[in-house]
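Letters A, B, ... mirror the listed sequences (proteins, then strands); counts begin at 1.
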Amino acid sequence: MKIQEFTASAHNFEECMKCTVCTAYCPVVPVNPRYPGPKQAGPDGERLRLKDPYFFNQALKYCLNCKRCEVACPSGVNVADIIQAARIRYDHTPPKLRDRMLANTDFMGRLARPFAPIVNGMTGLGVSKAVLDATLAIDRHRTFPKYSGRSFEGWLKRRTKEQAKFERQVAYFHGCYVNYNYPQLGKDFVKVMNALGVGVQLLDKEKCCGVALIANGMAKQAAKHADKNIKAIQAAVDKGLNVLTTSSTCTFTIRDEYPHLLQKENDGIRDSLLLATRYIYQLLEASTAQLKFKENYHVRIAYHTPCHLEKLGWGIFSYELLKMIPGVEFTLLDSNCCGISGTYGFKKENYEASQAIGKPLFDQIRSLNPDFVACDCETCKWQIEMSTGFTVKHPVSILAEAIED
Amino acid sequence: MKRNEYDVIIVGGGITGAGTARDCAMRGLRVLLIERHDIATGATGRNHGLLHSGARYAVTDQESANECIRENMILRRIASHCVDETDGFFITLPEDDLNYQAKFVESCLAAGISAEVIDPKEALRMEPALNPDLIGAVKVPDGSVDPFRLCASNMVDAKIHGAQVLLYTEVTGFIKDGDTIKGVRTYNHQTHKAVEYYANITVNAAGIWGQHIADLAGVKIGMFPAKGALLIFAHRVNGIVINRCRKPANADILVPGDTVCIIGTTSTKIPFEECDEVRVTPDEVNLLVEEGAKLAPALASTRILRAYAGVRPLVSADNDPSGRNISRGIVCLDHEERDGLKGFVTITGGKLMTYRLMAEMVTDLVCRKLSVDKACETAETPLPGAGGKNFREVAEKIWENPTTVQKAAVARLGTTANRVQTSDSLDQSLICECEEVSVGEINSAIERLDVSGLTDLRRRTRLGMGTCQGELCGCRAAGMLAKAHGCADKARDDLKDFLTERWKGMYPIGWGDALREAEYTQWVYKHVLGV
């Protein structure tokens, strides 16, 4: 290598020109004065932490990890990665019980599923909310996503033979939300894929992607999930399958957070892991498959791009797909963070900031007054539904209801 | 007593002058220190900032090695806030002779320096930045020391003990009475006034410029100006000092200092006339990066912040053209004995590491001449700011839950950080974002540390020493100085000088990110601020 031909640093922190555009785009900075902002917490703080780990600042936990700073950075600095990597490396405080519960989405899902009606009833009660608020500091305003009595995995397993009949096949990384909370999205996905002439398989074994574990200081556990998921996805890729997802955050975590934050090499699977809307758009665009839409479908949709989808740069596939549906009046909402950021907004200490961050988005939705909102992210859905009262549907579910049965 | 009369006048505001002023003042003398520019502008502020264990000199110069390790241990005690106890490695690479290691360890032990042979794998675990090809490693008690802070602390303590300090005041001549120096003629570059000061003894502690001062006094000292160039990398690549275990050569020390790390040095003889304007050449930059990458391969692809060079104040003793083999030994000249000139002494040679010992030696001489019988106490008495086990302990003693700004202030000022106002959000807001220097810390420096411009402020606070090299902090600090000094025009000129000085260090390494940063800085100042 030629001396000084290029320079390199962890997450490119040395490329920072101190232009501060990241801080200008950070949704937390205007609402939480305790947060030093992405530039200070990221590239600036990194130099101090390298001098002495004592410079690690607990206020880094206020970072949403929305990655908007990275989208804004003109120098290619992975600002949020620097912050999250610092939390993983320097924060040794053991996670609270609440954070463990919020982070272990698949464990909690498995636990709750058999008792779904009871659990759903309980978590919906005002008195339980007050108890959760007081004992675990889970904000009382929040509504827990409902658990489903039957898992999506079980549903699809019962249809293995039927799905195998399709000549074209994909594997589906359904994620915790589809499996435990909202199997209907998975069913909608299967319906759309089948309509396109594609059969859906499960992966050999899938674990939660681990995004909530990373965010809640359990990176070691997340790394174990990563190993298992990479192995399972690789097995599907080796069979020549694309692996599709319906959650933008799961996709983003497996593609980018695994190598950047957990040091898990995923080159073998990275290009085959796609968001469902991207895959569907590409099929339709290439005219290798067609969808037959209902004739009397008329809706006004406002689409919210989740931050991680924006970081992936794939939002365009979702909204172009929605625009293809005849009878859809489409509005792309302004680029804003909804404020929930997974488990972040559930925490009592973040509730106010979370709502303040989402306010411009909520205001815009209210003023547009659409029939419903569309979004590829489950946690954005909870936040927007709770904060505006508008229903939020996944683009795949919208496709499912717009095509002829 | 006449006005402007002192027991001793010290010429030179580097670490030797500051240390001497402190020692003399602690022994009860009336002291005046005169400096042409600001504190630490010569060799004091233009070196590695290495807290030598003495190991580097052990094989070739036992006396220097022994002085180093003794002073090393003293500085850890009296200047804990200036010292980072990082330890150091002397590594052997495949192209080096491993037999040298045994000789090196033996010499270290003979000089009283602990030297422990470490298995290369273990060394790599302790310091992952090391060249993984290493075949040998020895651990020694090296460290890093902040020369600006050390100099400023000595200056502050001298003033606490009654010394007077005049900065930006140049000695233009001596007042002589027959064969006796009675005082100095000076010119103040800020007030533009010529003033005479009188003292029984004048100490020439002007470093490399001591030759010129001696000339003015009418005696000859032959200095051996040897330029040493260094590079600053933008962050700490290593946590432990890395040296090469071989005969001292170019670019074989990498020191982690504060938020950066520094590779150096070179050694080139230069004419005395060039001492005021040394520049780093492209060849020197190439050599530093190439040799540096042998110590820590990451240097080959790590962003460089700037290049700088200093001039070693060596006293020429032989005809060695490189200046490498001249003893770094201390030279204390009694000109009465040597040249028959009374009231004039010179302290020179030596190193940053041995400044305190040099001060002690020359103060002993001054005291003998003035018949003052008081023992030196500088080896035992801590400097202002020293104390506490580490900066974490100091920070948590001052504040219950220190913020990043407060931690940064303690890391620079030690126990005296308690004087920095951090009570409200304005005090805690940042002037220098790269180095976390707050409004409160800048104000405290302006009030207490003889600051007349931005560059002075930089030496006392690290303002502008970070990645952006003054891009964001320069204009903010200039505003504060304009307010403090009541003159916006002066502050504007000062800002120009400050940015020019920052650019001077970036110019030799003007590529990649450093060049982008410089370009961006230009946009900010020219097109946004309209300066």
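Both the backbone and the side chain of Ala234(B) have a heavy atom closer than 4.5 Å to some heavy atom of chain A. With a 4.5 Å cut-off on non-hydrogen atoms, Cys16(A) touches chain B through its backbone but not through its side chain. Proximity to chain A involves both the backbone and the side chain of Ala408(B), based on heavy atoms less than 4.5 angstrom apart. With a 4.5 angstrom heavy-atom cutoff, Trp523(B) does not touch chain A via any of its atoms. For Leu430(B), the part lying under 4.5 angstrom from a heavy atom of chain A is the side chain only. Residue Glu471(B) touches chain A through its side chain alone, counting heavy-atom pairs closer than 4.5 Å. When heavy atoms are compared at a cutoff of 4.5 Å, Asp258(B) approaches chain A by way of both its backbone and its side chain. Using a 4.5 Å cut-off between heavy atoms, Gln40(A) touches chain B through its side chain atoms alone.
Atom CG of Asp84(B) is separated from atom CZ of Arg76(B) by 10.0 Å, given to the nearest 0.5 angstrom. The structure places CG of Asn12(A) at 8.0 Å from CD1 of Ile82(A), a figure rounded to the nearest 0.5 Å.
Of all residues in residues 56-76 of chain A, those placing a non-hydrogen atom less than 4.5 angstrom from a non-hydrogen atom of chain B are Phe56(A), Asn57(A), Ser75(A). Within residues 41-52 of chain A, the residues that have a heavy atom under 4.5 Å from a heavy atom of chain B are Asp44(A), Arg47(A), Leu48(A), Leu50(A), Lys51(A), Asp52(A), listed by number.
Side-chain contact annotation: Thr259(B) with Arg462(B), donor-acceptor N/O pair under 3.5 Å present. In summary, the side chains of Thr86(B) and Asp142(B) do not present any donor paired with an acceptor at a separation below 3.5 Å, with no hydrogens or angles considered.
Figure legend: cation-pi geometry between Lys407(B) and Phe391(B) absent, as NZ or CZ is not positioned both under 6.0 Å from the six-membered ring centre and within 45° of its axis.
The pair Asp133(A)-Arg140(A) meets the salt-bridge criterion, since a charged nitrogen lies less than 4.0 angstrom from a carboxylate oxygen.
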